[in-house]
Novice: 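Let me give you the structure first, and then I'll get to my questions.
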Amino acid sequence: MIEKNEFKDDLLNWFHENKRQMPWRETNNPYYIWLSEVMLQQTQVNTVRPYYNAFIDRFPTIQELSNAKEEDVLKYWEGLGYYSRVRNFHEAVKEVQNEYNGIVPDNPDEFKKLKGVGPYTNAAVMSIVYNHPIPAVDGNVLRVWSRLTCNQQDIALPKTKKDFEEELQPFVKTESGDFNQAMMELGATICTPKKTLCIMCPVQNHCLAFAKGQVSELPVKKKKVKKKTIEYSVLYITNNDGEILVRQRDTKLLNGMWEFPMFDAEDSIHTIEEELEAVIDVQQEPMFTTKHIFTHMTWNMKIYRAYTQKNNFEHPYKWIKKDDKDSLSFSTSMTKIFNKVNE
DNA sequence: AAGACGGGGAT
DNA sequence: ATCCCAGTCTT
């Protein structure tokens, strides 16, 4: 476990001597610091710098920003990306002007209610400006803290962030603004995602991951596999006896499970008739649509009622009576469809 | 819980 | 050229 006081002292001493100079570190104007934190969301320091300077040059006070027109303000964000940030900021600043007499609230519960102020911005601004003891957990801090404590939890999980906030709580009792900034500065300059500079790290001897040689394996972050979506037409085909046509899958996914005949939604009815070697009457409009979400893909299914006269289907196809449905195993999505058709 | 939102930097 | 990036709001 990290020796709280020594760790914090080492970190803060390093921060005081090595912090990078930034325009928003030269001020304690809440409006400027708030602006900088909004600009810094998902955006690196060197990108922000010129935008920040131009912005406060043109809108030096809360009052002047509140009186500005939206298009004019947007102009000063052009090229910075994530434009809802500036719309929310503008709206929030107008609210501060009108509801708080132009004073940025010195109360996290109030400040957090403003448009565009989420958990991170709230913690950052409230700690830097008013020294409220709230840990600011951004991407840097998730990475830094996972390494310092050698925590193997997936940082994409909300629970991990909650745990980190609790673990960091003792460190922000005093000098919260500096501590938060120091953690982020460490993440931005030393404890970087790749090519870490452990050799220069001021808190190397407090770092559990360094001690175990696991720095490069942390943080653990499950990369979200881009789920592909497939569009299917599912045919609920009946015959003269009211039986339903089903087929058994011979595929990697859900192998052996039974299903209603389903086809790529792009396929024409002729392709399907060829596959089934039968003439199929398909209703024009789907009865309903449904989707089935797997961990790695999504099926969007349009369910069509259909009819055929052909009776002699061979494996993997087979006619079943409604009451015999439970004698075969169907995947969840197919059972859902069956139930919905017959409800 | 998952997707949308923008650019820049790293690989 | 492709992947990655982790704040907030929306669905």
Side-chain angles (χ1 to χ4, degrees), chain A residues 20 22 24 33-52 54-55 70 73-93 95 108-109 111-128 134-147 151 153-165 168 180-181 183-197 216-229 289-300:
Chain A
R20 295 168 294 174
M22 301 173 193
W24 47 92
I33 289 170
W34 177 14
L35 168 69
S36 75
E37 289 300 343
V38 175
M39 284 186 164
L40 286 163
Q41 290 166 15
Q42 319 288 290
T43 314
Q44 301 203 324
V45 168
N46 285 335
T47 309
V48 167
R49 234 181 260 277
Y51 282 91
Y52 171 87
F55 199 98
E70 165 125 5
V73 179
L74 194 57
K75 197 74 195 151
Y76 282 77
W77 211 272
E78 199 176 280
L80 204 49
Y82 281 117
Y83 299 96
S84 62
R85 287 186 295 176
V86 71
R87 281 182 220 110
N88 291 338
F89 182 63
H90 192 199
E91 190 182 324
V93 163
E95 192 174 340
D109 295 327
F111 185 65
K112 175 87 169 50
K113 285 189 195 135
L114 296 165
K115 257 281 198 289
V117 178
Y120 166 74
T121 307
N122 183 237
V125 174
M126 290 293 101
S127 69
I128 294 170
I134 313 169
V137 179
D138 74 342
N140 288 308
V141 176
L142 286 170
R143 179 174 63 254
V144 169
W145 195 245
S146 73
R147 287 174 177 161
N151 185 310
Q153 287 169 255
D154 180 358
I155 60 164
L157 266 37
K159 166 117 175 37
T160 307
K161 195 181 153 200
K162 228 179 119 201
D163 289 350
F164 283 19
E165 282 166 351
L168 287 165
N180 282 334
Q181 291 186 81
M183 288 285 284
M184 294 188 274
E185 186 84 356
L186 189 70
T189 60
I190 306 277
C191 197
T192 47
K194 303 266 159 64
K195 292 198 259 189
T196 55
L197 296 171
S216 62
E217 289 132 58
L218 290 167
V220 173
K221 179 160 48 179
K222 277 235 244 332
K223 48 174 164 283
K224 50 181 172 229
V225 282
K226 242 223 301 268
K227 275 199 228 187
K228 44 178 188 197
T229 302
T289 65
T290 181
K291 77 165 136 186
H292 187 68
I293 301 171
F294 299 91
T295 47
H296 58 300
M297 75 164 103
T298 302
W299 287 354
N300 280 336

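Chain A is the first sequence line, chain B the second, and so forth, proteins listed ahead of strands; every chain is numbered from 1. We use all heavy atoms of the structure for the numbers below, so side chains are in, but hydrogens, waters and symmetry mates are not.
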Novice: Using whole Å, report how far OH of A/Y82 lies from P of C/dT8.
Specialist: 12 Å

Novice: Between atom CD1 in A/I155 and atom C1' in C/dG7, what is the gap in whole Å?
Specialist: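 One finds 13 Å between C1' of C/dG7 and CD1 of A/I155, rounded.
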
Novice: In whole Å, what is the span from the CZ atom of A/R87 to the P atom of C/dT10?
Specialist: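 After rounding, the gap between these two atoms is 12 Å.
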
Novice: At their closest point, which heavy atom of A/A136 faces which heavy atom of A/A124, and how far apart are they?
Specialist: CB-N, 4.0 Å

Novice: Report all interatomic pairs (protein N or O, nucleotide N or O of nucleotides 7-11 of chain B) with separations under 3.5 Å.
Specialist:
| from | atom 1 | to | atom 2 | distance (Å) |
| --- | --- | --- | --- | --- |
| B/dG7 | OP1 | A/Y83 | OH | 2.8 |

Novice: List in numerical order all residues of residues 119-127 of chain A for which some heavy atom is under 4.0 Å away from an atom belonging to DNA chain C.
Specialist: A/P119, A/Y120, A/T121

Novice: Check side-chain contact (heavy atoms from CB on, under 4.5 Å) between A/P219 and all other residues, then give those that pass, not counting sequence neighbours.
Specialist: A/R143, A/S146, A/R147, A/I155

Novice: Can you tell me which residue among A/T121, A/I134, A/N180 is in a side chain to side chain contact (heavy atoms under 4.5 Å, CB included) with A/M126?
Specialist: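 Exactly one option meets the side chain to side chain contact (heavy atoms under 4.5 Å, CB included) with A/M126, and it is A/I134.
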
Novice: Distance check needed: C/dG7 C1' versus A/L114 CG, whole Å only.
Specialist: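 It works out to 16 Å between those atoms.
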
Novice: Find the distance A/L157:CG to B/dA1:P and express it as a whole number of Å.
Specialist: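 Atom CG in A/L157 sits about 8 Å away from atom P in B/dA1.
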
Novice: In terms of side-chain heavy atoms of A/N88, which of C/dC9, B/dA1, C/dC5 is nearest?
Specialist: C/dC9

Novice: Could I get the full list of side-chain contact (heavy atoms from CB on, under 4.5 Å) partners for A/E217, not counting sequence neighbours?
Specialist: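 A/E217 satisfies side-chain contact (heavy atoms from CB on, under 4.5 Å) with A/Q214 once adjacent residues are dropped.
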
Novice: Base, sugar-phosphate, or nothing: which does A/K161 touch, judged by heavy atoms less than 4.0 Å apart?
Specialist: nothing

Novice: How far, in whole Å, is C/dC9 from B/dG8 if one measures between their C1' atoms?
Specialist: 23 Å

Novice: Using a heavy-atom cut-off of under 4.0 Å over every strand shown, decide if A/V117 touches base, sugar-phosphate, or nothing.
Specialist: sugar-phosphate

Novice: Would you please test A/V117 and A/W34 for side-chain contact (heavy atoms from CB on, under 4.5 Å) and show each step?
Specialist: CA-CA 9 Å; A/V117 178; A/W34 177 14; 3.9 Å; yes

Novice: Can you tell me the distance, in whole Å, between the NZ atom of A/K113 and the P atom of C/dT8?
Specialist: 17 Å

Novice: Please report the distance, rounded to the nearest Å, between CZ in A/R143 and C1' in C/dA6.
Specialist: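 Distance, rounded to whole Å: 10 Å.
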
Novice: Quantified in whole Å, what is the P atom distance between nucleotide B/dG6 and nucleotide C/dT11?
Specialist: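 Those two atoms are separated by 15 Å.
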
Novice: Nearest-Å distance, CZ (A/R85) to C1' (C/dC9)?
Specialist: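 Taking CZ of A/R85 and C1' of C/dC9, I get 13 Å after rounding.
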
Novice: Are A/T43 and A/Y82 side-chain neighbours, meaning at least one heavy-atom pair lies under 4.5 Å?
Specialist: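 The answer is no, as the side chains (C-beta and beyond) never meet within the 4.5 Å cut-off.
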
Novice: Can you name the side chain to side chain donor-acceptor pair (under 3.5 Å) partners of A/Y120, sequence neighbours left out?
Specialist: A/E37

Novice: Looking only at heavy atoms, which two atoms of A/E185 and A/M22 are closest? And how far apart?
Specialist: OE1-CE, 3.8 Å

Novice: Under the rule for side chain to side chain donor-acceptor pair (under 3.5 Å), what residues qualify as partners of A/D163, not counting sequence neighbours?
Specialist: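 With neighbours one apart ignored, the set is A/Q153, A/K159.
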
